[in-house]
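Here is the naming used below: chain letters follow the sequence lines, and residue numbers restart at 1 for every chain.
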2 protein chains.
Amino acid sequence: MITVDALPACPVETTLTLISDKWKILIIRDLLDGTKRFSELRRSIGHISQKVLTANLRQMEADGLVHREVYAEVPPRVEYSLTDTGRSLEIVINALRDWGERYKANRVA
Amino acid sequence: MITVDALPACPVETTLTLISDKWKILIIRDLLDGTKRFSELRRSIGHISQKVLTANLRQMEADGLVHREVYAEVPPRVEYSLTDTGRSLEIVINALRDWGERYKANRVA
DNA sequence: CGGTATCCAAACTGATACTG
DNA sequence: CAGTATCAGTTTGGATACCG
């Protein structure tokens with residue numbers, strides 16, 4: 001858990017502290033579509049190792065962005081979803097998406 | 001220069017390819033205030049080494065985000081500014097800033 | 001299935017020294 | 001001033017093996 005005191009003064013840096021890792025943004029992008037299991041998430045993100053995905057999800061859970069629900073079944077099932085805070089990042093993701101689309105369009109033009 | 005062909009299909013990932021490095025976002029944040037010399041930029045960003053700042057600026061120049069102007073003086077003067085494409089990232093930066101402010105406010109509350 | 005633990009190679013970073 | 005070059009130290013990441 002990143003405490004308030006440890007957050008940088010600049011709000012831009014605050015956000016970067018929480019999601020600058022590129023995987024985190026992709027995790028949020030994919031969880032915006034709804035709850036996903038660990039393996040589903042791994043597949044939808046693309047090329048990410050189990051270790052790195054786990055580490056990212058644990059941090060995001062600690063930071064209050066992601067909710068982790070463990071079902072006591074055999075075989076085990078673990079589902080990940082966005083918290084309200086995590087979902088509020090949709091605005092940021094959309095800004096990234098819009099800009100990426102325009103950048104590509106300009107490059108082709 | 002990242003060619004169009006090399007850009008990921010997902011526009012979110014395209015944007016990340018260009019600016020996911022946290023320094024790049026801070027560089028853009030600071031250049032949004034106007035043209036800056038190398039040393040000014042280094043100071044305004046905070047704790048960044050000369051090597052890393054140079055490397056980031058070179059890449060951003062190649063990607064068409066930043067303009068580099070060298071003045072043939074002694075001592076030399078090099079000024080960096082945003083291109084139109086670079087400046088268009090202001091929307092993204094603002095989204096990051098707004099979200100960071102809200103996140104901190106909620107943490108305190 | 002969804003992890004954790006371990007090892008190792010590769011990437012990044014920081015400090016330092018030097019230059020046009 | 002604004003770099004480039006080099007090298008050691010730290011981090012990061014992938015591969016593998018094993019567990020509840």
Under 3.5 Å, side chain of [X] to main-chain N/O of [Y], donor-acceptor pair present?
X: A:Lys36; Y: A:Arg42; result: no
X: A:Glu40; Y: A:Arg37; result: yes
X: A:Thr15; Y: B:Gly100; result: yes
X: B:Thr35; Y: B:Ser81; result: no
X: B:Asp63; Y: B:Leu65; result: no

Provide, to the nearest angstrom, the distance between the CH2 atom belonging to B:Trp23 and the C1' atom belonging to C:dC12.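 From B:Trp23 CH2 to C:dC12 C1': 13 Å.
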Distance, rounded to the nearest Å, where B:Asn56 contributes CG and C:dG14 contributes P: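 It works out to 12 Å between those atoms.
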If hydrophobic clusters are built from ILVMFWY residues whose side chains come within less than 4.5 Å, do A:Ile19 and A:Ile91 share one?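 As far as the 4.5 Å side-chain criterion goes, A:Ile91 and A:Ile19 are not connected within one cluster.
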Report each atom pair, protein N/O against N/O of nucleotides 4-10 of chain C, whose distance is under 3.5 angstrom.
from: C:dT4; atom 1: OP1; to: A:Arg58; atom 2: NH2; distance (Å): 3.1

Would you call A:Asp84 and A:Arg87 a salt bridge, using N to O less than 4.0 angstrom?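 Result for this pair is yes, salt bridge flagged.
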Please identify each residue that fulfils side-chain hydrogen bond (donor to acceptor under 3.5 Å, both in side chains) with A:Asp33, with sequence neighbours left out.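 Listed in chain order: nothing, the list is empty.
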5′-ward residue of the pair A:Val52/A:Pro76 relative to DNA chain D: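 Nearest-nucleotide comparison on DNA chain D picks A:Val52.
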Under 4.0 Å between a side-chain N or O of A:Tyr80 and OP1 or OP2 of C:dG3?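 Yes, such a contact exists.
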What residues, two or more places apart in sequence or in another chain, satisfy side-chain contact (heavy atoms from CB on, under 4.5 Å) together with B:Lys22?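 Expected list: A:Leu16, A:Ser20.
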Angle of first-five versus last-five pair axes in the helix from C:dC1-D:dG20 to C:dG20-D:dC1, to 10 degrees: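 For the helix from C:dC1-D:dG20 to C:dG20-D:dC1, the axes at opposite ends meet at about 50°.
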To the nearest 0.5 Å, what is the distance between [atom1] on [X] and [atom2] on [Y]?
X: A:Glu90; Y: A:Arg97; atom1: CD; atom2: CZ; result: 8.0 Å
X: A:Asp30; Y: A:Trp23; atom1: CG; atom2: CH2; result: 10.5 Å
X: B:Leu89; Y: A:Trp99; atom1: CG; atom2: CH2; result: 4.5 Å

Does anything in residues 28-47 of chain B reach DNA chain D, meaning a heavy atom under 4.0 Å, and if so which residues?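 By residue number: B:Arg37, B:Phe38, B:Ser39.
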Verdict with reasoning, A:Tyr80 to A:Arg68, per side chain to side chain contact (heavy atoms under 4.5 Å, CB included): CA-CA 5 Å; A:Tyr80 292 92; A:Arg68 179 169 181 261; 3.1 Å; yes
Range on DNA chain D touched by chain A - first to last nucleotide, heavy-atom distance under 4.0 Å: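 First and last nucleotides in contact are D:dG13 to D:dG20.
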